[in-house]
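Please read the structure below before turning to the comments.
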Amino acid sequence: MSVYKLKPSCKDYLWGGRRLADEYGKEYDGDVLAETWELSCHPDGPSTIVNGPYAGKTLEQYIEAAGKEVLGTNCRRFRDFPILIKFIDAKQNLSIQVHPDNRYALKNEGQYGKTEMWYVMDAEKDAFLYYGFKTEISKEEFARRIQEDTLLEVLNAVPVQKGDVLFIESGTIHAIGAGILIAEIQQNSNVTYRVYDYGRVGKDGKKRDLHIEKALAVTNRVPLIKSKSSYPHVADCDYFTVDKLNLDGRMMRRMEGFVSEESFVSILILDGEGTVSCGGQDEASDDDTQVSYKKGDSLFLPAGSGAYVIEGSCDALLTTIREKAAPVRIGIDIGGTDTKIGLVDVHQKLIDSVCIPTAAERPVQEVIRTIGETALALLEKNGIAMDQCVGAGIGVPGTVDRKNGVVRYSNNIRWEEVPLAQEIGKYLPIPVEIANDADCAALGEAVAGAGKDCSDVVMLTLGTGVGGGIILDGEIYEGRGIGGSELGHMVIVENGEPCTCGRRGCLEAYASATALKRDARRASGRDLEPEEIFAMAEQGDAVMKTVVDAYIRRLGLGIVNIVNIFRPQLVLLGGGISRQGETLLAPLREIVKKECFGGEKGDVPEIEAAVLGNDAGMIGAAGLL
């Protein structure tokens, strides 16, 4: 597998020096080189691959060409590339600043917030940085001290030396002091709120902008409590895990590692020289499977690269992405009348849920905003940070393009060509997956309901129409097109009753609750609900018994067709009619046993009622992640 060497993007911020060019060999012609973005997919400064088959492409272009698998399975929870790694040379004091969290930054800036760590590579004598407050202060005092230029009096000044590590969570006020050289690993964000800047002016001769109102909104104004050790790591959080490597070239001159399918490995060389190789003997001569390194180099090893070897003498930081701790997923089930939103844990259990009117007559953007804001409020109610969410899944009635996150058409909510994943992402800064609502209900029952012990499940929902979802090998089966399966629109009676899809004789035209009520009205002249129809049949009403028997026969015919095609382990029935229980299930089992191809000599599936009710759609939607 390849070892890719990266060329950084260079930044000439006014407070910077020249050490990164003079001592670390960074190619740069300007007078000031403040930062080099060594591992970056950020549009403000992408890094570029310099060796191998992708030489000349940016890191982001490489990922797009090679596929997101090169990032690893632990990165699936991130909507974008998760981290940004920099070298920072502070010749002068940096501005006093603070970074927002994900929720605030996405709402106000359209990108992620920022949590970061600093590794001090070098520091002049008496160098220090600012890190939080000395004592707790009020928001009013914070604002007043900014106005009066007395903020530095209440900031916590921390002397530093080579090898020190500081972890800066979002909301922490901070600043790097003059004479400090730092390696920074951070979230993939460029959002900074400047609070105080020593009265400096920019290249245009004007004082640089301050962002006081935003800083007041996001700053944690209490003293920092020293975080517990990240041992055996230098730093460890949900965004990145950083390890320190030291090879002295004598007693320790070789380190063997392994790049699993879970995460890529970034190697940032702080000092030294040697080689990094990845792959077997036959590959060792290739220019991208063995590369030399020197002080200041940045290397990227794709996920799944396998065994690698670092040889020589070096100080280096190795960064990976670990599995999310105690992840939570958001499951959203959008219906024509109501929308249900739930929080689902790793055990497929609902932590909490809420039901709100969909009010689909409103503009699409308003509907989506309400859903997004309600999901955020549900997280806040349960004390769950956005950082703990690995994604949101959404079930939508109608034709859904899962790959592109677009609702192509939904007659229930009158949506057409709605980029739902993109729009909800404005409120939820996490990966978003969408699917047909019936498919989500089927998946919910398969992972947490009546089908949780089966890998192949077909579910029919018997309501106003007949919806259906197919789960094969634990995944939603959609075929090659968009929209998923439409089991309710198989024809079971040639030139039969008209169906809502425009054809005649579909299963939906005979097995829906609408069809049952239609047939009962024709037979009796009365408007009856399905519960009344079944109850009257069970009590001996001959007319209603004829209606129910015909209904069950037609539904059974549809199930037989489905079983003959897909051969599932289990057929589940959901929707209001499924509450008839054994009155409905027992005769259906006999029909399937008698009429399926092979009969009892074949592998006849069980037929059961769904058990999750209205929760199935939320749990199944969360299961899309």
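Atoms considered below: every heavy atom in the structure, side chains included; atoms not considered: hydrogens, waters and symmetry mates.
- We find the CZ-CD distance between R322 and E262 to be 12.0 Å, quoted to the nearest 0.5 Å.
- Residue-environment remark: CD (E538) stays at or below the threshold of 12 foreign heavy atoms within 6.0 Å.
- Within a 6.0 Å sphere centred on CZ of R526, heavy atoms belonging to other residues, nucleotides or ligands number 12 at most.
- Annotation: the span from E508 atom CD to L462 atom CG amounts to 10.5 Å, rounded to 0.5 Å.
- Within a 6.0 Å radius of CD in E582, other residues, nucleotides and ligands contribute more than 12 heavy atoms.
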Handout entry: Evaluation steps, salt bridge (Lys or Arg N to Asp or Glu O under 4.0 Å), between R408 and E417
Key = CA-CA 4 Å; R408 294 299 181 194; E417 299 298 332; 2.5 Å; yes
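- Taken to the nearest 0.5 Å, the CG atom of L460 stands 12.0 Å off from the OG atom of S512.
- Counting all heavy atoms, side chain and backbone alike, P397 lies closest to I334 at CD-O, 3.0 Å.
- Using modelled atom types, one finds a donor on one side chain and an acceptor on the other under 3.5 Å when comparing Q569 with S455.
- In E475, the CD atom is not crowded: 12 or fewer heavy atoms of neighbouring residues, nucleotides or ligands sit closer than 6.0 Å.
- Between F264 and F81, the angle of the ring planes stays under 30°, which puts this pair in the parallel group of the 30/60° scheme.
- Seen from the ring of Y112, R79 counts as a face-on cation partner, given the 6.0 Å and 45° thresholds.
- Screening I394, I330, I341, D333 against M618 for a side chain to side chain contact (heavy atoms under 4.5 Å, CB included) leaves a single residue, D333.
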Problem - Residues R521, E529; criterion salt bridge (Lys or Arg N to Asp or Glu O under 4.0 Å); working and verdict - result: CA-CA 10 Å; R521 187 186 312 110; E529 293 301 315; over 6 Å; no
Practice task
Please assess D80 against N188 for the test side chain to side chain donor-acceptor pair (under 3.5 Å), listing each intermediate value before the final yes or no.
Solution key: CA-CA 8 Å; D80 303 318; N188 183 12; 5.6 Å; no
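- Applying the 6.0 Å contact sphere to CD of E380 captures no more than 12 heavy atoms from other residues, nucleotides or ligands.
- Each of T339, D338, T337 was checked for a side chain to side chain donor-acceptor pair (under 3.5 Å) with T358, and the lone residue meeting it is T339.
- Using a 4.0 Å cut-off between charged side-chain N and carboxylate O, K517 and D527 make no salt bridge.
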Practice task
Might you work through the salt bridge (Lys or Arg N to Asp or Glu O under 4.0 Å) test for K545 and D549, ending with a clear yes or no?
Solution key: CA-CA 6 Å; K545 187 173 187 315; D549 287 347; 3.0 Å; yes
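- Atom CD of E64 has more than 12 neighbouring heavy atoms from other residues, nucleotides or ligands inside a 6.0 Å radius.
- The number of heavy-atom neighbours closer than 6.0 Å to CZ of R76, taken from other residues, nucleotides and ligands shown, is 12 or below.
- Side-chain contact between R329 and Q388 is absent, with no heavy-atom pair separated by less than 4.5 Å.
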